[in-house]
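To keep things clear, I will list the structure first and then write my remarks on it.
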Amino acid sequence: MSGVALTVTVPQPHAPFSSLSNPSSTSSISRSWSTAIHFDLATCFRHMGLYSFRFRASFRRRNPILNAASSSAGAVELGFREIQEKCCKWQWNGHSINYLVLHPPQPRSSNPPLLLVHGFGASIAHWRRNIMILAESQTVYAIDLLGFGASEKPAGFAYTMEKWAQLILDFLYEIVGKPTVLIGNSVGSLACVIAASESTNGLVRGLVLLNCAGGMNNKAIVDDWRIKLLLPLLWLFDFLMKQRGIASSIFERFKQRDNLRNILLSVYGNKESVDEDLLQIIKEPADEEGALDAFISIVTGPPGPNPVQLLPRISLPILVLWGNQDPFTPLDGPVGKYFASLPSQQPNVSFCILEGVGHCPHDDRPDLVHEKLIPWLASLSHLPTTTTSS
């Protein structure tokens, strides 16, 4: 099979399609696709805006309950292995779901519990720099969505945003049992938005959205001229990813440590946050059974509900934090612009820009996130409970 040359030249836009090596130049994609996959994967993903595919941390030993005072004394960051050792298992629709719970030293009934929901390809461990700080005053739950982290990756499962949202709602009902603040990043944010819009039992107390995604994959961002320009390339990518041999070759290339590091460096604003633990969090589970199937299903599946249609239905308190150096959901893209405009349309929404921060603010610059998040949570405990939908 001969290679097919794909060349797209666009004026210099925001980060997803900009040249990282020469930001003042125009951006050009020219790659040869064949059965041998003759292209540079990291560069291709950067140009396509698909480099936020972070993979799953693998958790083995579980202890049911962790108290903030009993963890590493004085630590503000949980180690990767420490998180592994403290996780629990929960059965959801016949599938094993991994989660962590950490209680504050002095619980206060007025402080609602928190549920942390990771982004695409990440896991509980991606909240390593937040869990201890947040658990000083509130009970913190964190969950591995189905197909990620140490949660099951069932063969042949069709992943959708709606199924992840239902998992969150069932977790609140069966495990937490109290009105809870949902805190999500990327597609985890979108899953939280969908869950809040569908909640009917009052178990969602508020939302914190960190660089919320517009869909499960790039097919959702149809209003961005940059995505429209690259749609033929995205369709070809979908077609190639559905050919298992090609998908496996791409996946193996993607898992290489140097490629992962380069992709993460392009996603994070603070390059020092891209450390060995982060590489391990993402890389280790990529070798697990079911990881390739999950990757293919998520990348090629339906994008899911659009937050633009969902958020007007939600009257809960909402805090939106947005890293302004996000190359995946840029602030000047349709999703970023929509969220930035929300406070003028909905009084329940607060929006804050985090300067110099990328797509994963909680791990990129946790100090800036905590500076905004902790006072907002404190004020939330004094507000009357509101209904989910208006």
Side-chain angles (χ1 to χ4, degrees), residues 1-8 16-17 19-21 27-58 119-123 146-149 151-160 186-187 215-219 227 230-267 274 278-303 327-328 359:
M1 176 179 174
S2 59
V4 179
L6 300 173
T7 303
V8 180
F17 311 101
S19 170
L20 296 176
S21 59
S27 174
S28 176
I29 302 175
S30 180
R31 296 289 176 262
S32 175
W33 299 74
S34 72
T35 53
I37 315 298
H38 299 304
F39 63 93
D40 180 79
L41 181 64
T43 301
C44 183
F45 275 4
R46 285 199 298 271
H47 282 292
M48 292 173 64
L50 295 175
Y51 33 61
S52 70
F53 297 159
R54 298 172 301 282
F55 283 85
R56 312 162 236 300
S58 173
F120 201 173
S123 65
L146 188 71
F148 294 94
S151 288
E152 191 173 335
K153 305 169 187 66
F157 190 86
Y159 293 91
T160 66
S186 190
V187 293
M216 191 169 72
N217 48 51
N218 274 2
K219 292 192 290 292
I227 294 294
L230 291 179
L231 272 178
L233 185 59
L234 296 176
W235 290 334
L236 177 59
F237 181 77
D238 263 18
F239 171 77
L240 292 172
M241 288 299 294
K242 290 175 182 177
Q243 317 308 309
R244 190 169 183 84
I246 296 176
S248 179
S249 297
I250 293 175
F251 192 56
E252 289 302 315
R253 181 75 178 271
F254 177 82
K255 290 191 297 182
Q256 293 177 7
R257 202 171 189 87
D258 287 344
N259 280 340
L260 281 177
R261 188 188 305 276
N262 288 335
I263 292 167
L264 288 166
L265 286 171
S266 72
V267 172
V274 181
L278 180 60
L279 291 176
Q280 187 177 23
I281 288 167
I282 296 166
K283 178 175 171 52
E284 183 172 302
D287 292 325
E288 292 186 356
E289 185 177 355
L292 174 60
D293 288 340
F295 177 72
I296 294 173
S297 176
I298 295 167
V299 172
T300 63
F328 187 57
H359 186 62

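Values below: every heavy atom of this structure, side chains too, minus hydrogens, waters and symmetry copies. This chain uses plain numbering: 1 for the first residue, then up along the sequence. These numbers were taken from a predicted model, which means no experiment stands behind them.
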Inset, instruction - Could you point out which residue of Asp293, Ile298, Ile296 forms a side-chain contact (heavy atoms from CB on, under 4.5 Å) with Tyr159? - result: Ile298

Heavy atoms only: give me the nearest [X]-[Y] pair and the separation to one decimal.
X: Glu152; Y: Leu146; value: O-CD1, 3.3 Å
X: Lys283; Y: Arg257; value: CD-NH1, 3.6 Å
X: Ser186; Y: His359; value: OG-NE2, 2.9 Å
X: Ser123; Y: Gly149; value: CB-CA, 3.7 Å
X: Gly215; Y: Val187; value: O-CG1, 3.5 Å
X: Glu288; Y: Lys153; value: OE1-NZ, 2.9 Å

Legend entry - Check: Ser297 side chain, Ala294 main-chain N or O, donor-acceptor pair, under 3.5 Å: no

Nearest 0.5 Å please: distance from the [atom1] atom of [X] over to the [atom2] atom of [Y].
X: Leu292; Y: Glu252; atom1: CG; atom2: CD; value: 8.0 Å
X: Leu278; Y: Arg261; atom1: CG; atom2: CZ; value: 9.5 Å
X: Phe328; Y: Ser266; atom1: CZ; atom2: OG; value: 11.5 Å

